Amino acid sequence: MGDSIVQFLETWSPIDIVLIAQNFDRFLWGALTTLELTLISLVVGGILSIPLAIIRAGNNPFLNAPVWLFTYVFRGTPLLVQTYLIYYGLGQFEWIRETFLWGPILSQAWYCALIAFSLNTAAYTTELLRGSIVNTNRGEVEAAKACGFSSPMRMRRIVLPSAFRRALPAYSNEVIFMLHGSVVASTITIQDLLGVGRWLNGRYYLAYEGFITAAVLYFIIVLAVSRGFRFWEKHWLQHLYPREALEVKPAKGAASFRI
Amino acid sequence: MKFRKLMMAMTAAVMMLGMGSVQAADLRVGVEGAYPPFSWKESDGTLKGFDIEIAEAICAEMKRKCVLIEQDWDGMIPALKARKFDTIIASMSITEERKKQVNFSDKYYNTPAKFVARKGAGLEISKEGLKGKRIGLQRGTTHQCFMEKMYPDAELVLYGTQDEVFQDLAIGRIDAQFSDSIAADDGFLKTDAGKDFEFTGADQHDEACHGPGAGMTVRKSDDELRMELNKALKAIRANGVYQKINAKYFEFDIFGG
Amino acid sequence: MDLIIEYQGQLLSGTWVTIKLALLSLVIAVLFGLLGAWAKLSKNILAQKIGAAYTAIVRGVPDLVLILLVFFGGQELANSIGTLTGLWDYAEISQFAAGVGTIGVVFGGYMTETFRGAILAIPKGQIEAGVACGMSRLVIFRRVIWPQMVVYALPGFSNNWLVQIKSTALVSVIGLQDVVYNGFVAGRSTRELFTFMFAVLMIYLVLTAISDVGLRWLDKRYSKGIVRSEDG
């Protein structure tokens, strides 16, 4: 019975399902690499973005200008080029290859991707958070002032918690874009989900089987992430819904992503 | 309804962009361009190398115009099967596995494969010696087949082009690389970047993976073209054109025994 | 620097390919965006479903995966359709066509959301007023919806365009000789990848900056006489 199914698939299916099934564990490992890279970059980039966003929302020109430059460069250029610059570019310099950073970190493709992705998402998240901080309800800040909160305390207790929540819908787009962006890892030898797809096609000289499998798995991951965020948004933004529903609903989808 | 018509016309126009009919007289040849000395790209964008000149010579012999089409290695066979070009002349080894998908002319050269590592690295070419070592190679080559079969415990690092393998070997991202020995010698060891590196171990050969040598690749349905290519190859070997190109690039007979 | 000058022809021709690719795919993206918004807002359930599936796929699958799929898989599909119908023997899907088509369609999905949001922002009463005045649906679209939609869609449109121009870099992976591909080839053969990748980075920054100026001009032109909330 099992044999006849395999035989049926081999003769009649336009895509080589048997081959995909045989290598499916590799695809799962690839998906794990993709998730791992995306998640760690988001955490590192997220942590970096908090102080940077506070600087950008403030009005110290000496601090503001370099941070602005950082976000402008990383948001104005493709992630692919940034990753190439770090992975292939830095190796050009002998003095970099002689530093202690080379062996454990910069010589590894995985860390290079992580650095590029983290800086990239940090730049986007910084601007996103800045917008959210700047748009904090004046009344909340004034109330905190009236209660005698110091400026750092206002930031920590009032502005940031509320800014985080309001940034959530836009941030869910950023997360999905980072997931999309992580395919760049496959161009610098990393066997992420797309990397495994390319490996399969290269190994067996196929045109599309590897890509289709990767596409389906990416789709499932994005779907799960979106669902998760929708649940979170419901949970954390509940207090904003009744009022905002009458005024401006935070635009879903593309209108608010990136930049 | 003018609006809808306009949109349809524009969509159609865009669809047409990439489509053009190809004259039967032209021979469309898939080449690579990142595999010196067999093929590389000059600063003005022109293609150079042994494969390129062989392609030109074959076309001249067949009295057809050569249209060279650059294609990344990964996609060579899919692109041939999808009729993006008629033949591949890009140092593609004739193997049984590839023959399931495509067909080959007779071989036009044959050179052995070898490992390259840093001088004095003391890499031992054995199952034990390569265990856990990072070996760089080009994705979708016979060398990938060989390594996966013979040294499954080595950590393979797969690249799109041979150039990238050399680049990362030079700066120490991989412990060794495995490729065609001539490509490694001319493309890397003889260059400035490769001066601290050397061949490690003997010639490596596995008949099932490496096959009898490099051939010109054609679609299975194109047996007529395969015959013509074979005839042209015989002719340029008989009239000395092949030997002239050989001498221009190598000091030895690359055709092999 | 000398190397950049030696390879400037390659870099410039690559930049030109990038610009052409970005502009042509923008045209497709706008067309697909309008179609998609129309489908999603349509009363026809089938159209709604197709529109929803379209935006879900675009959001669910990374653009590079789709580009690779269209370039390699699409060619085989085009061939088999040709063979089955007997209409054509071979229809080339070039790297450029695959890149323009895929990026255009992908960003059409994002434009769909932008345009849909913009159309929804137009007060219903105005459309009803149009109907009451006896305007045909086409006239309502041209006179009432379009001029306001452009204004509402502009911020989202700007975002999409800035992301799209960067996404064109991905076509270098299928071997289209854009600025990234040419810069990468030059960097590889000269073993100065930092130099060339940095140059490519700068070229993109210039393209982004020019877009910024252009979009700001558009915004000024179209938002005359409109008061917008501060985050618009």
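Convention: sequence-line order gives letters A, B, ...; per-chain numbering from 1. No experiment lies behind these values; they were computed from the predicted model shown.
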Given a strict heavy-atom distance threshold of 4.5 Å, which part of A:V225 is in contact with chain C: side chain, backbone, both, or neither? neither
Does any heavy atom of chain A fall under 4.5 Å from the side chain of C:T55, the backbone, both, or neither of them? neither
A:W232, CH2 atom: more than 12 neighbouring heavy atoms under 6.0 Å: no
Which atoms of A:L90 are under 4.5 Å from chain C, going by heavy atoms: the side chain, the backbone, both sets, or neither? both
Report yes if some heavy atom in the side chain of C:M197 is under 4.5 Å from a heavy atom in the side chain of A:T83; otherwise report no. no
C:K166 side-chain N/O to A:R75 backbone N/O, donor-acceptor pair under 3.5 Å: yes
For A:F177 and C:Y110, I'd like to know if the aromatic rings sit close, meaning centre-to-centre distance below 6.0 Å. yes
Please state whether the side chain, the backbone, both or neither of C:V58 comes within less than 4.5 Å of a heavy atom of chain A. backbone
Quick one: which of A:L206, A:T187, A:I212 has the most heavy-atom pairs under 4.5 Å with chain C, could you say? A:I212
At their closest point, which heavy atom of C:L193 faces which heavy atom of A:Q92, and how far apart are they? N-OE1, 3.1 Å
Engaged part of A:S226 at the chain C interface, taking heavy atoms whose separation is under 4.5 Å: side chain
For C:V65 and A:A215 the tightest heavy-atom approach is CG1-CB, 3.9 Å
Check: C:L64 main-chain N/O paired with A:H180 side-chain donor or acceptor under 3.5 Å: no
Closest non-hydrogen contact found for C:E76 with A:Y208 is OE1-CE2, 3.4 Å
Rounded to the nearest 0.5 Å, how far does CZ of C:F71 lie from CZ of A:F211? 10.0 Å
Point-to-point distance, once rounded to the nearest 0.5 Å, from CG of A:L80 to CZ of C:F184: 8.5 Å
CD1 of A:I86 to CZ of C:F194, rounded to nearest 0.5 Å, is 9.5 Å
Which atom pair, heavy atoms only, marks the closest approach of A:A207 to C:F72? O-CB, 3.1 Å
Atom pair CD/OH of A:Q82 and C:Y204 - distance to nearest 0.5 Å: 11.5 Å
What residue, out of C:R191, C:E192, C:M202, has the most heavy-atom pairs lying under 4.5 Å from chain A? C:E192
To the nearest 0.5 Å, what is the distance between CG (C:L201) and CZ (A:F74)? 8.0 Å
What distance separates A:Y72 OH from C:L205 CG, expressed to the nearest 0.5 Å? 6.5 Å
Heavy-atom contact with chain A under 4.5 Å, split by part of C:A209: both
For C:F198, does the CZ atom sit with more than 12 other heavy atoms under 6.0 Å from it, leaving out its own atoms? no
Side chains of A:L194 and C:L68, heavy atoms from C-beta outward: is any pair under 4.5 Å? yes
Chain A contacts, top residue of C:A121, C:A56, C:G74, C:G183 (heavy-atom pairs, under 4.5 Å): C:A56
